[in-house]
Amino acid sequence: MSEHYERRSKCRICLDPVLEDFLDLGEIPPANGFVSSPDQDEVYIPLVVSVCRNCSHVQLRNTVDRQFLFSDYPYFSSRSSPIEKHFETYADKITDRYLDNGDFVVEIGSNDGVLLKNFENVDILGIEPAENVAAVAEERGVPTRTDFFSEKIALDVASEERRAEVIMANNVVGHVDDLQDLMRGIDALLTDEGAFVVEVPYFVDLYNGGEFDTIYHEHISYFSMRSFAKLANSHGFTVADAERVQVHGGTIRVYMQRTEAVEERSALVEDLLTLERAMDLDQLDTYHEFADSVGRRREQIRELIQELSSRGDIVGYGAPAKGNILLNYCDLGTDVIDFIADTTPAKQGSYAPGTNIPVRRPEEFEDADPDYALLLAWNYRDAILEKEREFRKDGRFVIPIPHLDVV
Ligand code: TYD
């Protein structure tokens, strides 16, 4: 046991003590741990991925102390405009499907209110642990409780307010260490007919795109449909419906309801279970082969960047958390990357965790006019290539994931 993390021996879904490590990304500081000076001490924590030999749920071997990870989170969802659009459509869909005027909608990990602010004629409540982010949500009129969701908080909300017709959790269930407590909380807070709607990166997309950089300490679980089905069933719920959404490099949205409230599971749920079986995601070899291919990708990225740096200047484009994993795992530092340009004011002026590459404003990218830009925010590829037409007249983007490319 270390001061900042704890090693797990039991699967977080089926609780069997049969985790098998298959991918070791090395010791890396938390991917959102931007530092204010390159001399600042950083905490390096092993980033090791395991799979459960019983239920095939993919998860981190270690759980990092969440106060340490999340107390001052630099990620504001609303600063990413493609994400804002995604949440507008999302809110419309949830309203059409499940909500009547006056209903109650709760969001776990509500960030700066980017999703909840789109709901009309219903009561809303966000539950968000990062104080700085919750404060922004409150300012824009989204009532927010500053806390980590838990069974206890769920019981408090149910008794102080009422049970909710819809509970949503976007890109947050993967961050939860105690999934049993989460599901007990949902059970306590959801109405009998209510829906628990979850969005997480889909492991199938991570696997197919070799998206190793989306593995970081905050992301404890990497869900497949099989793992969701198992989790839901063991708490009296059923995955009634699902869809794949093209954000964050491939996301799955699942709709869980109490089993007695579900007349029929949608065909898509069956289709995804079938797809996962066809991909042999229930076989251990599949995971070891994946780890080998990630190792090969690391070498390809390193060789390409080394070669390009001998021909011209390289700047990082976007400083998402996953960029820091990529840079650390591929061992790319200030010797080859001059700085990283990012639109998030909270990141500008800081230094990237582990590599200590300076993060600067996009204007400095324009001024520097580098020869190459390593696209760390590759999930916004289309929007960024479109926006940077001027740079692309002479400059080239290096796209690391899902396919290594220079465009
Ligand atoms: P994102 O992928 O949304 O989050 P995460 O850190 O969870 O992986 O992060 C995108 C980052 O890229 C964010 O710091 C903002 C930055 N960015 C730019 O600098 N320019 C852009 O045009 C876009 C779309 C994003």
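Both counts, for ligands and for their atoms, begin at 1 and track the order of listing.
Within the 3.5 Å criterion, the main-chain N or O of Phe104 finds a donor-acceptor partner in the side chain of Glu165.
Residue contact check: Lys387 has heavy atoms under 4.0 Å from atoms 20 (N), 21 (C), 22 (O) of ligand 1. Listed by number with element, the atoms of ligand 1 under 4.0 angstrom from any heavy atom of Ala377 are 12 (O). Proximity to Asn379 (heavy-atom distance under 4.0 Å) selects the following atoms of ligand 1: 2 (O). Counting the atoms of ligand 1 from 1 in the order shown, those under 4.0 Å from a heavy atom of Gly318 are 12 (O), 19 (O). Within the listing of ligand 1, atoms 13 (C), 14 (O) sit less than 4.0 angstrom from a heavy atom of Lys347.
Lys93 pairs by the salt bridge (charged side-chain N to carboxylate O under 4.0 Å, His left out) definition with Glu243, not counting sequence neighbours.
Between Asp156 and Lys152, at least one side-chain N (NZ, or NE/NH1/NH2) sits under 4.0 Å from a carboxylate O, which counts as a salt bridge. The residues Arg8 and Asp177 are annotated as salt-bridged, a charged nitrogen and a carboxylate oxygen being separated by less than 4.0 angstrom. Using a cutoff of 4.0 Å between basic side-chain nitrogens and carboxylate oxygens, Arg258 and Asp187 are scored as salt-bridged.
For atom 25 (C) of ligand 1, the nearest non-hydrogen atom from the set Tyr380, Phe365, Tyr317 belongs to Tyr380. Distances from atom 11 (C) of ligand 1 to the heavy atoms of Thr344, Thr343, Asp342, Asp213 show the closest one on Asp342.
Screening residues 354-369 for side-chain hydrogen bond (donor to acceptor under 3.5 Å, both in side chains), with sequence neighbours left out, gives Glu42-Asn356.
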